[in-house]
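Heads up: the structure comes next, in structure tokens.
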Amino acid sequence: MKILVLNAGSSSIKYQLINMENYAVIANGLIEQIGENSSLARIKYLDKEGAEQKIEHKLPIPNHEIALKLMSALLIESSAIHDLNDLDGIGHRVVQGGSSFREPVIVDEWVASEIERLIPLAPLHNPGHLAGIKVSLEQSPSVPQVVVFDTAFHATMPPHAYMYAIPYHYYEDLKIRRYGFHGTSHRFVAKEAAKFMGKKLSQLNAITLHLGNGASVSAIQNGQSVDTSMGLTPLEGLMMGTRSGDIDPAVLFYLARKEGLDIETLDRVLNKESGLKGICGINDMREVGQMAEEGNEKAQLALDMFNYRIKKYIGAYSAALGRVDCIVFTGGIGENAHNVRAKSCENLQNLGIEIDPILNQKRSSRTMQISTKESPVTVLVIPTNEELEIALQTQEVILAHKQKLH
Ligand code: AMP
């Protein structure tokens, strides 16, 4: 079975073709700057000899329709497929599924209209996803297509975790609540953690930390998300590359009154100019770490704040869960930055968390334990694979759908 995973944004489309027999990536690529003159379409794949090859075209790509036609042409040119009908399924990533979608679903007109209805809750993401889905349905009508939502894994949160303490009618009228994001990643690493721990997912209590440019943490009880740090939008929670994370909302009123900042400016400041970048001017954790080592005080402060926030959430979610079997670090920072892992888990022995400094320095492309043998809570580093998780869920939905039709 060959499944194509599509992550369509407003001006870019990432794609990956996966062989579901062995979960190998057959090809992956990117189409960038759609709508501009300097667009780029790229594919990377392994040739018959197993050597990595790349094809790249620079040309104006005016819209998603042309972008997806180019992607098909590249998949055919690289011999990954002969034509689009070779695909057994297409899995679309959608960031915001609101309260409508608790699980991945086969795309139909109603599903597309719901994704459209949810645009006000994800104005930066859902329009691009929708454009990708519509064009893909037109170009490959005979290939089953599934949407996998970032929010769906968190649909199991209880109301006391997802409600905000603001007038109730805002929830009823406008559906303002915590939704949570990165669900595909939290779900994938929770499944991998359960395998590593020799438990069923339904028996696992875990705190999963997805630390990348965006960062979020989830409390997972009996395999289900019961709380997560991102909220109505991916702005809440941990400190991130350019996002503030948790902040007293009154700071915004104060800035508006004192500095005359309007809503658009405040939105930009909190989403694009805050986080690591806001404190030390740089949002890339590698550079921030390097600057801190060289004695840059603001970089050190940014790092200390980043780690302290993680530690606070580990404490909060340990309390929420009662029993924690494991803590999982994932994402570009979680998988690579051993100093972040060490500092955010420092002095947490009374919560049963003890990292082995030597194991923590190791690198692995597989699940790796970094806690001591004696540590009651196991601490793991697990490389996330959101594309594979989308492909697995797409496959599951397609197979279940076929069975229902028989
Ligand atoms: P992601 O969004 O998951 O791709 O993660 C991107 C973040 O991971 C950036 O802040 C990178 O600086 C960070 N990152 C990647 N590799 C390393 C590394 N070796 N050490 C520290 N941070 C890293």
Side-chain angles (χ1 to χ4, degrees), residues 102 150-158 160-162 178-212 214-230 237-238 307 309-335 337-338 340-342 344-346 348-356 359-360 364 366-386 388-389 392-393:
R102 302 175 72 88
D150 272 17
T151 44
F153 180 60
H154 302 300
T156 45
M157 280 189 290
H160 64 255
Y162 71 64
R178 174 183 312 287
Y179 289 102
F181 298 87
H182 290 146
T184 314
S185 176
H186 288 293
R187 187 175 196 265
F188 179 81
V189 296
K191 284 197 309 189
E192 292 296 306
K195 264 191 240 163
F196 186 88
M197 305 281 292
K199 280 177 175 264
K200 285 189 182 149
L201 180 60
S202 60
Q203 295 170 330
L204 186 81
N205 278 15
I207 298 173
T208 51
L209 290 148
H210 178 106
L211 309 177
S216 70
V217 46
S218 275
I220 295 173
Q221 191 161 48
N222 300 326
Q224 296 193 325
S225 172
V226 290
D227 204 352
T228 192
S229 58
M230 283 179 166
L238 297 172
N307 296 334
R309 287 273 177 103
I310 298 171
K311 181 183 275 197
K312 283 210 287 189
Y313 267 98
I314 292 176
Y317 286 176
S318 294
L321 291 172
R323 188 197 87 227
V324 180
D325 300 317
C326 65
I327 293 177
V328 180
F329 284 91
T330 193
I333 298 172
E335 290 166 34
H338 57 83
V340 169
R341 300 192 296 250
S344 57
C345 290
E346 198 173 57
L348 291 184
Q349 288 85 350
N350 60 347
L351 294 181
I353 300 162
E354 200 175 4
I355 286 195
D356 180 322
L359 293 181
N360 186 37
S364 172
R366 295 189 179 176
T367 299
M368 170 173 91
Q369 177 169 338
I370 57 165
S371 48
T372 62
K373 276 201 195 108
E374 294 75 30
S375 178
V377 175
T378 304
V379 185
L380 302 171
V381 178
I382 303 183
T384 196
N385 193 338
E386 286 164 283
L388 178 57
E389 181 61 31
L392 286 166
Q393 293 190 36

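Looking at Arg341, its side chain does come within 3.5 Å of a backbone N or O of Asn360 through a donor-acceptor pair. Under the 3.5 Å distance criterion, the side-chain polar atoms of Thr330 are matched with a main-chain donor or acceptor of Ile382. A distance-only check finds a donor-acceptor pair linking the side chain of Ser229 to the backbone of Val217 [under 3.5 Å]. Looking only at distances, a side-chain donor or acceptor of Thr372 sits under 3.5 Å from a matching main-chain atom of Ser375. Between the Asn205 side chain and the Asp325 main chain, no donor and acceptor come within less than 3.5 Å of each other. Judged by distance alone, the side chain of Ser371 and the main-chain N or O of Val379 form a donor-acceptor pair under 3.5 Å.
Between Ser216 and His186, the side chains place a donor N or O and an acceptor N or O closer than 3.5 Å (distance only, hydrogens not considered).
Rounded to the nearest 0.5 Å, atoms OG (Ser364) and CD1 (Ile370) are 12.0 Å apart. In this structure, NE2 on His338 lies 13.0 Å from CZ on Phe329, to the nearest 0.5 angstrom. For the atom pair NE2 (His182) and OG1 (Thr208), the distance works out to 11.0 Å, reported to the nearest 0.5 Å. To the nearest 0.5 Å, the span separating CD on Gln224 from CZ on Arg187 amounts to 10.5 Å. Atoms CG and CD1, from Asp227 and Ile207 in turn, are 10.5 Å apart once rounded to the nearest 0.5 Å. From Leu211, atom CG reaches atom CD1 of Ile310 across 4.5 Å, with rounding to the nearest 0.5 Å.
Heavy atoms only, all atoms of each residue included: Leu348 and Lys311 are closest at CD2-CG, 4.1 Å. For the residue pair Gly315 and Leu351, the shortest heavy atom distance occurs at CA-CD1, 4.0 Å. Asn385 approaches Leu388 most closely through the heavy-atom pair OD1-N, 3.0 Å. What you find for Arg178 and Thr228 is that their closest heavy atoms are NH1-O, 3.1 Å. Between Leu204 and Cys326, the shortest heavy-atom contact is CD1-SG, 4.1 Å. Shortest non-hydrogen contact noted between Val381 and Glu335 is CG1-CA, 3.8 Å.
Proximity of Met230 to His210: side-chain heavy atoms (C-beta onward) are nowhere separated by under 4.5 Å. In this structure the side chain of Gln369 reaches within 4.5 angstrom of the side chain of Phe196, judged on heavy atoms. Residues Phe181 and Thr151 have side chains in contact (heavy-atom distance under 4.5 Å, counting atoms from C-beta outward). Cys345 is listed as a side-chain neighbour of Ile314, based on a closest heavy-atom distance under 4.5 Å.
Remark: Arg366 CZ is loosely packed, at most 12 non-hydrogen atoms of other residues, nucleotides or ligands lying under 6.0 Å away.
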**Asked** For Glu192 and Phe188, what are the C-alpha separation, side-chain angles and deciding distance, and is it a side chain to side chain contact (heavy atoms under 4.5 Å, CB included)?
**Response** CA-CA 6 Å; Glu192 292 296 306; Phe188 179 81; 3.8 Å; yes

**Item:** Phe153 and Ile220: CA distance, side-chain angles, deciding distance, side chain to side chain contact (heavy atoms under 4.5 Å, CB included) verdict
**Value:** CA-CA 10 Å; Phe153 180 60; Ile220 295 173; 3.8 Å; yes

**Request:** Kindly indicate, with the supporting measurements, whether the criterion side chain to side chain contact (heavy atoms under 4.5 Å, CB included) is fulfilled by Lys191 and Leu392.
**Result:** CA-CA 12 Å; Lys191 284 197 309 189; Leu392 286 166; 4.1 Å; yes

**Request:** Let me see the working for Thr184 and Asp150 under side chain to side chain contact (heavy atoms under 4.5 Å, CB included), right down to the final yes or no.
**Result:** CA-CA 6 Å; Thr184 314; Asp150 272 17; 3.6 Å; yes

